[in-house]
Amino acid sequence: MKYRATALTLFIWIGFLSALSQADGPRALQLADILAWKRIQAPAISNDGQWLAYRVAPAEGDAEVVIRNLKDGKEQRFPAGDSVAASGQTGLAISDDSRWVAFNTSPGTKEAKAQKKAKKPIPVKVTLVELATGKKVEFEKIKKFSFSGEASTVLALHRSPADPAPGAPPAGPPAAAGSTPPADNKPTGTDLILYELATGHEMLVGNVSEFAFDKKGDRLAWLVDAADKEGNGIELREMSTGATQVLDSAKASYKSLTWTEKGDGLAALRGVEDKGFEEKLYSLVAFRDFGASGPRKVEYDPKSDNSFPAGMSISGNRAPAWRDDLSAVMFGIQEVKPKKNAAKGKEGDAEKKDDDGAVSDDDRPELVLWHYKDPRLQSMQQVQENTDKNYSYLSEYRPAESKFIRLSDDSLRQVNVSFDMKNGIGADIRDYELEANLDGKQFRDVYAVDLATGERKIALKKVQHYISASPDGTRLLHYDDGVFYVFDLAAGKSTAITAKIPTTFWNTENDVNQVKPPTQTLGWAKDGSAVLISDEWDIWKVPVDGGTAVNLTGNGKKDKIRYRTRFRLDPEERGGIDLSAPMYVAAYGEFTKKNGIGLIEPGKAGVRML
């Protein structure tokens with residue numbers, strides 16, 4: 001089982017605060033204390049539970065990586081470089097076989113400041129450590145790294161782009177007067193190093209823009225993005241044999257490489273320039289049925305489909321994804337802008353132009369129009385401008401029927417797919433958006449969406465507190481006036497699941513302009529049979545059919561201890577909580593102000609404090 005680092009972080013902080021409380025007498029906090037304050041970053045535990053690794057970084061200064069053997073308590077410490085320079089490059093991972101740890105490092109504070117002063121990029125490297133021996137290997141100028149899934153036979157290291165040469169000319173000529181600047185077609189591919197952990201042998205793959213292992217580590221896929229798009233495509237390597245094959249190749253730009261959870265499906269986007277549009281036009285390239293005979297390719301190009309909405313294209317801002325049963329590939333679509341008329345700005349145009357002929361930005365009029373009936377306030381529209389530009393509508397392509405299905409549109413913009421990707425749930429806020437932005441009370445209509453046909457059916461009308469769908473998407477948890485309900489999509493009705501429980505499920509301490517705001521929910525049971533809900537003191541297991549609820553913690557309200565959250569220790573947990581496994585919950589003493597961690601064991605009453 002893989003362990004989540006959330007609980008680990010809390011354990012470390014509890015120990016740290018305990019040690020802090022033992023310091024001699026209180027004193028005033030100084031600036032030096034603030035700068036020296038250290039925080040825990042990227043904590044990880046090995047799958048065998050023997051090793052703990054984490055990064056310790058001050059607000060300003062040099063960080064370090066700590067590797068601790070949890071059996072004998074021995075530690076190894078490695079310098080990790082300047083904490084400010086490493087911002088955004090603090091990756092740390094332990095291999096699935098619990099034998100190796102890899103982490104990012106950067107130059108020390110003194111060197112990093114000198115690099116910054118000289119306006120030079122600060123190099124980031126990766127350090128690989130063998131846990132049993134402490135032996136380390138360093139790799140220079142690496143922007144991303146990954147172990148090869150569960151197999152953990154290889155460490156893949158993606159190099160950073162080469163530094164530009166001093167005085168290098170710009171990438172291309174300036175845009176013509178009145179025209180749209182061309183898209184940045186500079187190739188993004190760099191070297192990918194495949195480091196064999198057992199032997200130390202290295203293999204180099206050039207011009208790689210993205211790479212991804214499947215979950216088991218049996219296969220590695222990568223995208224090629226080279227100069228002039230020569231050799232661009234998708235390539236696949238069988239890790240056990242080293243055999244490599246080209247899955248797709250074209251003079252195009254590829255992006256958004258995505259494996260399925262089981263590793264039986266792969267998908268990516270292929271983009272090409274079009275003289276009529278400002279953005280690239282994307283098509284779908286996907287693969288399934290991996291085996292001795294090779295994978296089967298699935299392609300979908302909207303240009304050849306009359307049912308595809310005019311003026312739109314597959315979005316490059318949403319990664320494609322196979323459904324779990326491989327019956328369809330999900331992706332987004334968005335509007336594309338036609339290129340502006342290059343003839344604009346010809347002789348006789350009265351607009352003022354710079355020396356190169358382009359209209360000066362200083363002379364362009366700025367006018368922001370707002371109508372009182374706009375559903376969003378003008379300030380919100382400004383903040384969300386980029387989000388609106390990049391918004392995409394969920395759609396799918398079904399290979400068996402060669403059919404495109406649009407699942408969301410302007411009448412139902414928000415559509416989410418259940419964890420098993422069998423059902424869709426949509427929300428329509430159009431009728432309530434304006435009032436919601438004025439008074440803060442957000443209502444919506446909730447729809448069930450048939451992923452096979454795109455058909456929609458209203459489930460909940462003007463509901464204020466829609467919480468979530470069950471893992472299989474067949475039930476909807478919602479709340480109204482102090483009571484939680486579960487709506488069964490097949491039966492078409494809601495059942496009050498907390499009305500008869502001898503406690504209250506509205507938050508009396510949440511000071512908002514709502515009547516009886518709901519308490520916190522912890523999630524659905526994995527099989528969808530129950531929901532875990534906190535009443536702000538105890539955690540209740542509430543059956544969705546309205547049966548007898550069970551107080552799992554027992555002593556919260558009586559002892560004034562708040563149990564409101566759980567620690568998700570398994571990163572592979574999908575959709576629901578496994579109630580047959582132990583559950584760790586956060587505890588907080590209302591009057592003692594003490595934090596703690598409690599354990600709820602299956603089949604046992606109450607919580608055991610750890």
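In this chain, numbering begins with 1 at the start of the sequence shown. Predicted model only: the values in this text are computed from it and were never measured.
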Checklist entry - Which is it for V585 and R566 under the side-chain contact (heavy atoms from CB on, under 4.5 Å) test, yes or no, and what are the steps along the way? => result CA-CA 4 Å; V585 297; R566 60 179 280 268; 4.2 Å; yes

Checklist entry - Are the side chains of R99 and L197 in touch, meaning some heavy atoms are under 4.5 Å apart? => result no

Checklist entry - Between R55 (side chain) and N104 (backbone), is there a donor-acceptor pair under 3.5 Å? => result yes

Next on the checklist: A side-chain contact here means heavy atoms from C-beta on lying under 4.5 Å apart; do R564 and W537 qualify?
Outcome noted: no

Checklist entry - Hey, does the side chain of N47 reach the backbone of S98 with a donor-acceptor pair shorter than 3.5 angstrom? => result no

Item to check | Identified side chain to side chain contact (heavy atoms under 4.5 Å, CB included) partner of S209 from the options L223, V224, L257 | outcome: L223

Item to check | Side-chain heavy atoms of P58 within contact of K38, under 4.5 Å | outcome: yes

Checklist entry - Hey, does M609 have a side-chain heavy atom less than 4.5 Å from the side chain of I561? => result no

Next on the checklist: I'd like to know whether E196 forms a side chain to side chain donor-acceptor pair (under 3.5 Å) with T199, so could you lay out the CA-CA distance, the side-chain angles of the two residues, the decisive distance to 0.1 Å, and finally the verdict.
Outcome noted: CA-CA 6 Å; E196 194 173 278; T199 65; 2.6 Å; yes

Item to check | Centroid-centroid under 6.0 Å between W259 and F290 rings | outcome: yes

Checklist entry - Does S534 use its side chain to pair, donor to acceptor, with the backbone of E536 at less than 3.5 Å? => result yes

Item to check | Side chain to side chain, E573 and D578, heavy atoms closer than 4.5 Å | outcome: no

Checklist outcome for this item: Between I234 and Y254, the two heavy atoms sitting closest are CG1-CD2, 3.7 Å

Checklist entry - Should the heavy atoms of other residues, nucleotides or ligands under 6.0 Å from NZ of K143 be counted, would the total exceed 12? => result yes

Checklist entry - Going through the distances and angles, do Y195 and H201 end up as a side-chain contact (heavy atoms from CB on, under 4.5 Å)? => result CA-CA 6 Å; Y195 181 84; H201 295 162; over 6 Å; no

Checklist entry - Got a donor-acceptor contact below 3.5 angstrom from the N551 side chain to the G554 backbone? => result yes

Next on the checklist: Looking at G316, is its backbone amide N or carbonyl O close enough to the side chain of K255 to form a donor-acceptor pair, meaning the two atoms are under 3.5 Å apart?
Outcome noted: yes

Checklist entry - What pair of heavy atoms forms the shortest contact from N232 to A226, and how long is it? => result OD1-N, 2.7 Å

Next on the checklist: Donor-acceptor pair, distance only, cut-off 3.5 Å: does the side chain of S152 make one with the backbone of D96?
Outcome noted: yes

Checklist entry - Between the main-chain N or O of Q50 and the side-chain N or O of D48, is there a donor-acceptor pair closer than 3.5 Å? => result yes

Item to check | Non-hydrogen atoms of A93 and F145 that approach each other most closely | outcome: CB-CE1, 4.1 Å

Checklist entry - Closest approach of S580 and P602, non-hydrogen atoms and distance? => result O-CG, 3.2 Å

Checklist entry - Would you say R159 and I142 make side-chain contact, with heavy atoms under 4.5 Å? => result yes

Next on the checklist: Return the NZ to OG distance between K216 and S148, rounded to the nearest 0.5 Å.
Outcome noted: 14.0 Å

Item to check | Intermediate values then yes/no, side-chain contact (heavy atoms from CB on, under 4.5 Å), I40 and V56 | outcome: CA-CA 5 Å; I40 302 294; V56 181; 4.1 Å; yes

Checklist entry - How many angstroms lie between NZ in K560 and OG1 in T592, if you round to the nearest 0.5 Å? => result 13.0 Å

Next on the checklist: Taking K135 first and then E130, would you say they form a salt bridge - that is, a charged N and a carboxylate O separated by under 4.0 Å?
Outcome noted: no

Checklist entry - When rounded to the nearest 0.5 angstrom, what distance separates CH2 in W540 from CZ in F505? => result 6.0 Å

Checklist entry - Does one side chain, of T188 or D225, offer a donor that lies under 3.5 Å from an acceptor on the other? => result yes

Next on the checklist: Within the structure provided, determine whether Y563 and L552 are in side-chain contact (heavy-atom separation under 4.5 Å).
Outcome noted: no

Next on the checklist: Could you tell me if the side chain of T244 sits less than 4.5 Å from the side chain of V205, heavy atoms only?
Outcome noted: no

Item to check | Pairwise distance CG(D538) to OG1(T519) - rounded to 0.5 angstrom | outcome: 11.5 Å

Next on the checklist: Run V129 and K136 through side-chain contact (heavy atoms from CB on, under 4.5 Å) and show every step you take.
Outcome noted: CA-CA 4 Å; V129 177; K136 72 173 184 177; 3.9 Å; yes

Checklist entry - Would you say N507's side chain and P517's backbone share a donor-acceptor pair under 3.5 angstrom? => result no

Checklist entry - Do any N or O atoms from the side chain of W51 and from the backbone of W100 form a donor-acceptor pair under 3.5 angstrom? => result no

Checklist entry - Does CG in D72 sit with more than 12 non-hydrogen atoms of other residues, nucleotides or ligands closer than 6.0 Å? => result yes

Next on the checklist: We want to know whether S418 and D472 form a side-chain donor-acceptor pair, criterion being a heavy-atom distance below 3.5 angstrom.
Outcome noted: no

Checklist entry - Are D82 and S106 linked by a side-chain donor-acceptor pair shorter than 3.5 Å? => result no

Item to check | Least distance between heavy atoms, P123 atom then P107 atom | outcome: O-CD, 3.2 Å

Item to check | Crowding at NZ, K116 (>12 non-hydrogen neighbours, <6.0 Å) | outcome: no

Next on the checklist: Minimum heavy-atom separation for A156 and F213, please, with both atom names.
Outcome noted: CB-CE1, 3.6 Å

Checklist entry - When you check the side-chain N and O atoms of W524 and S468, is any donor under 3.5 Å from an acceptor? => result yes

Checklist entry - Would you call E238 and R219 a salt bridge, using N to O less than 4.0 angstrom? => result yes

Checklist entry - Out of curiosity, Q514 CD to W506 CH2, how far, rounded to the nearest 0.5 Å? => result 15.0 Å

Checklist entry - Counting only N and O atoms by type, is there a donor-acceptor contact under 3.5 Å from the side chain of T190 to the main-chain atoms of P161? => result no

Checklist entry - Do the rings of Y479 and H465 sit parallel, tilted or perpendicular, given the 30° and 60° boundaries? => result perpendicular

Next on the checklist: Rounded to the nearest 0.5 Å, what separates atom OG1 in T105 from atom CZ in F78?
Outcome noted: 11.0 Å

Next on the checklist: Within the supplied structure, the quantity of interest is the number of heavy atoms (other residues, nucleotides, ligands) at a distance under 6.0 Å from K117 NZ; does it exceed 12?
Outcome noted: no

Next on the checklist: Check this for me, if you would: do R68 and E75 make a salt bridge, where the nitrogen-to-carboxylate-oxygen distance has to be below 4.0 angstrom?
Outcome noted: yes

Checklist entry - Is the number of heavy atoms from other residues, nucleotides or ligands within 6.0 Å of NZ (K557) greater than 12? => result yes

